[in-house]
Amino acid sequence: MAVGLPGALPQNPKFLSPRSRVPFPLRGSQILWVFRGATTAVILCALYCSETNGRGFFRAHLGAREPRVGLLPVRDLLHPENSINKMSKTAPAPQVDELFPLSTLRHSVAHLMASAVGNLYPGVKYGFGPSIEHGFYYDFDFPEGTAPIEKKDLKRIEKEMRRLAKKTPEMTVEKLSRDEACARLAGADQDLKVEAVELIPEGEEITFWSHGDWYDLCEGPHMDRLDHDFAFKLQTIAGAYWRGDENNRMLQRIYGTAFWTKEELDAHMAWLEEVKKRDHRRIGTEMDLFSNHAEAGSGFVFWHPNLANVRLEIERFWWDEHTKRGYDPVYTPHVSKEELFAVSGHLENYEDMMYAPMTIDEQPYRAKPMNCPGHILIYQNRGRSYRELPLRWAELGTVYRYERSGVLHGMLRVRGFTQDDAHVFCTPDQLEKEIASVLELIDFMLKTFGFEYTAYLATRPADKTIGDDAVWEQATEALAAAAKRLDMPLEMDEGGGAFYGPKIDFKVRDAIGREWQNSTVQCDFNLPNRFDLTYTGEDGQPHRPILVHRAVLGSLERFVGGLIEHFAGRFPVWLAPTQVALIPIQEEHESYCNELSDLLRAEGFRVTNKDASSHMNKRIKEAQKAQVPYMLIAGEREAADRTVALRRRGTREQDVVSFEDFAKMLRSKRASRALEI
RNA sequence: GCUGCUGUAGCUCAGUGGUAGAGCACUUCAUUGGUAAUGAAGAGGUCGCGGGUUCAAAUCCCGCCAGCAGCUCCA
């Protein structure tokens, strides 16, 4: 029925040869492909026919959830701007940004870039060139002997792109047989593309998109022309393995981005600036937070006093919340005999990530890459009864992992880090309740830091897993039920579980929209078996406990590094390295300031050092650079009536308030862990 | 680990074969100042480390170390 419609075909482009179709916008981002030359009236007619005859078809292809979508008024199916009346007379040409999604623009600009590179570097071979989250890239294999392209070459390529977009704007598509495609690409010496053809499953259509004499194996879709209004920019050059496999040859990848308007492009560039400004490594240097040292080795973080204060505050919070929920602390050694990791299976599966053994008394020892074996040894130390389960043991456990040098990154990817680890040993019956308690804790802690999150339920992977179906099912069920109990929505990550059990992972969204993964709850059927963990049940028989691994923050390093970027160094009062800066206007007011700072310090507040003999302006400058939430400036008037001139971070205004009122406010901000100052 | 790039004062950076510079920060002195750049002077560097080429190396070459952007991997 669809093919029989006079003028319109829904979305699936395969029903129309690409050459003879043009896109027509529907509501949202839907596109209706119609015959080239179809008038609005014909399209409306087609939609009308579909309403009466082809509801099911439109339902399917418009992706509408509502079963009665086919009966919606036609105008609702069209772009909101295009009412029927307007359209039936002088069909206004849809704007190009309504015709094509941003990803199509970017994909087309990637083609444009590839053709420009082809012109400037004859003999270049093409890899893949898709659109990605914030732009696009294209992979190139430059001929032997070509000087590697540099950042300054990007300008030249951009210029050539502009020229080509004007000279040969039309984008066309043709369908080739598999043999034709291979022959053409092989003839052009495009061996990567020949390989790409071979990747296309039998039965799928093979299409080439061209503009000018440049063509590319590509399934599309693309814009109809390259001379629409849009703005683009080439950004960086990097190496990338062919097909993402490090055993393959390394190609040169050029990244770029494109938007419909210059304003949007500028806004995106401004966002990238903001990302740069928030870089925790930069802020870390500016605010004297942490350092790395070549002489200590890559991937080890040195926490300076400022950041150590932030961490200590987080640790206090963490322990308090764990104690409230029935966790007990444990401490385990950083180094132990290799044998322990043989039993746990880490040596077998994880050795590449572990530091090399050190020999002590002729025995091999290892730095621990995980905390679980240590906790398990404590469990095993004596017999366990069902009466004492669940056992919840928490440790801020420092682990060491050999990460490849190229992946190290500030505090976010390091070789020695402290996990906020805990293990719950429980019976199968207790599982759901225990998980619910963990989920509640994660929810509470993440929200305290001002993070929104999404939780993903990761189920059994397709292969290489251990454990019975029934156990997997029960545990997965427990995870889902626990989330339901808390009304926590779960996204599905089918097959994303660990080999040893299902889990729930959390992705948090930071202040500028980036996602981070930290928190996790994982069921483990593996380690209890390997260590032959048991407890004595009510029946007097040994039973196998379930082990739950969980981390709320992930690692202190990564979490705090992310926190620096999330807050852009402007920590809330409870976390701020220095919470209050006391600034006398003249030296003779120093004693009044010292008196106040003693009072605050006695309550555990972090206050600037007293007697920092320097001038008011300088102290203000320093306090601003240190992102101190509150400055208290005091001169003669303030000292006389026991007030302070309160200046809040980020503003130049000041209020004169009584010291007592300020202290009260400060206490309440700290106690409530308020995000706003 | 791989590809490309980088390493000069605490920080940001200039200096491409002839024996090291700026701004900010730091120190001292002067300035006694009502909300972030007062003035003057001073101090600070075996130019990442090691080797090579050269009459001469921060500069050219090689190796190592460390960092940056990606790729792959990950808390």
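Sequence lines set the chain letters: A, B, ... in the order given, protein chains first and strands last, and positions in each chain run from 1.
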Check ion pair Arg619(A)-Glu590(A) (N to O, under 4.0 angstrom): yes
Correct closest heavy-atom pair for Met616(A) and Pro584(A) would be CB-O, 3.9 Å
Assert: residue with more 5' nearest nucleotide on RNA chain B, out of Tyr402(A) and Asn617(A), is Tyr402(A)
Paired with Tyr453(A), the ring pair (Phe, Tyr, Trp, His ring centres under 6.0 Å) test is passed by just one of Trp516(A), Phe444(A), Phe506(A), namely Phe506(A)
Residue set satisfying salt bridge (Lys or Arg N to Asp or Glu O under 4.0 Å) with Asp139(A), at least two apart, ordered chain then number -> Arg253(A)
Whole-angstrom distance between rC47(B) and rU59(B), as gauged at atom C1'
10 Å
- Quick one: is Lys618(A) getting a side-chain N or O under 4.0 Å of the rC26(B) phosphate, OP1 or OP2? yes
Here the residues of residues 495-513 of chain A within 4.0 Å heavy-atom distance, strictly under, of RNA chain B are none
- Task: Please state whether the phosphate of rU35(B), meaning OP1 or OP2, lies under 4.0 angstrom from any side-chain nitrogen or oxygen of Lys621(A).
- Result: no
Base, sugar-phosphate, or nothing for Tyr137(A), non-hydrogen atoms under 4.0 angstrom?
-> nothing
Any side-chain donor paired with an acceptor under 3.5 Å for His549(A) and Gln522(A)? no
Taking the inter-plane angle between the rings of Tyr350(A) and His346(A) on a 0 to 90° scale, is it parallel (under 30°), tilted (30 to 60°) or perpendicular (over 60°)?
perpendicular
Is the Tyr331(A) ring parallel, tilted or perpendicular to the Trp319(A) ring (thresholds 30°, 60°)? tilted
Within the 3.5 Å criterion, strictly below it, is a donor on Glu494(A) or Thr459(A) matched to an acceptor on the partner's side chain? yes
The Watson-Crick or G-U wobble partner of rG45(B), with both key distances under 3.5 Å, is none
The Watson-Crick or G-U wobble partner of rU54(B), with both key distances under 3.5 Å, is none
Between the OH atom in Tyr126(A) and the CD atom in Gln190(A), the distance rounded to the nearest 0.5 Å is 6.5 Å
Across every strand shown, the nucleotide meeting Watson-Crick or G-U wobble geometry with rA40(B) (both distances under 3.5 Å) is rU28(B)
Return yes if a side-chain donor-acceptor contact under 3.5 Å exists between His375(A) and Thr332(A), otherwise no.
-> no
Taking a pair to mean Watson-Crick or G-U wobble geometry with both distances below 3.5 Å, rG23(B) pairs with rC11(B)
Sorted by number, residues from residues 646-655 of chain A placing a heavy atom under 4.0 Å from RNA chain B are Arg647(A), Arg652(A), Gln654(A)
Contacts satisfying salt bridge (charged side-chain N to carboxylate O under 4.0 Å, His left out) that involve residues 299-314 of chain A (not counting sequence neighbours) are Arg311(A)-Glu315(A), Arg311(A)-Glu557(A), Glu313(A)-Arg316(A), Glu313(A)-Arg606(A)
Run Phe140(A) and Tyr138(A) through ring pair (Phe, Tyr, Trp, His ring centres under 6.0 Å) and show every step you take.
CA-CA 7 Å; Phe140(A) 302 98; Tyr138(A) 212 107; 5.3 Å; yes
Over all strands shown, is Ala645(A) touching base, sugar-phosphate only, or nothing at heavy-atom distances under 4.0 angstrom? base
*asked:* When the P atoms of rC49(B) and rG10(B) are compared, how many Å lie between them, rounded to an integer?
replied: 13 Å
Worksheet entry | Parallel, tilted or perpendicular, as decided by the 30° and 60° cut-offs, for the rings of Trp271(A) and His134(A) | tilted
Reading nucleotides 67-75 of chain B from 5' to 3' and marking B where a protein heavy atom lies under 4.0 Å of the base, S where only the sugar-phosphate is that close, and - otherwise, the string is SSSBBBBBB
In numerical order, the residues of residues 629-637 of chain A whose heavy atoms come under 4.0 Å of RNA chain B are Ile633(A), Glu636(A), Arg637(A)
Any strand, both distances under 3.5 Å, Watson-Crick or G-U wobble: rG34(B) pairs with none
Mate of rC2(B) across any strand shown (Watson-Crick or G-U wobble, both atom pairs under 3.5 Å) is rG70(B)
Check: Will you find, in the side chains of Thr465(A) and Arg460(A), an N or O donor that is under 3.5 Å from an N or O acceptor?
Finding: yes
Is any side-chain N or O of His615(A) under 3.5 Å from a base N or O of rU31(B), one able to act as donor and the other as acceptor? yes
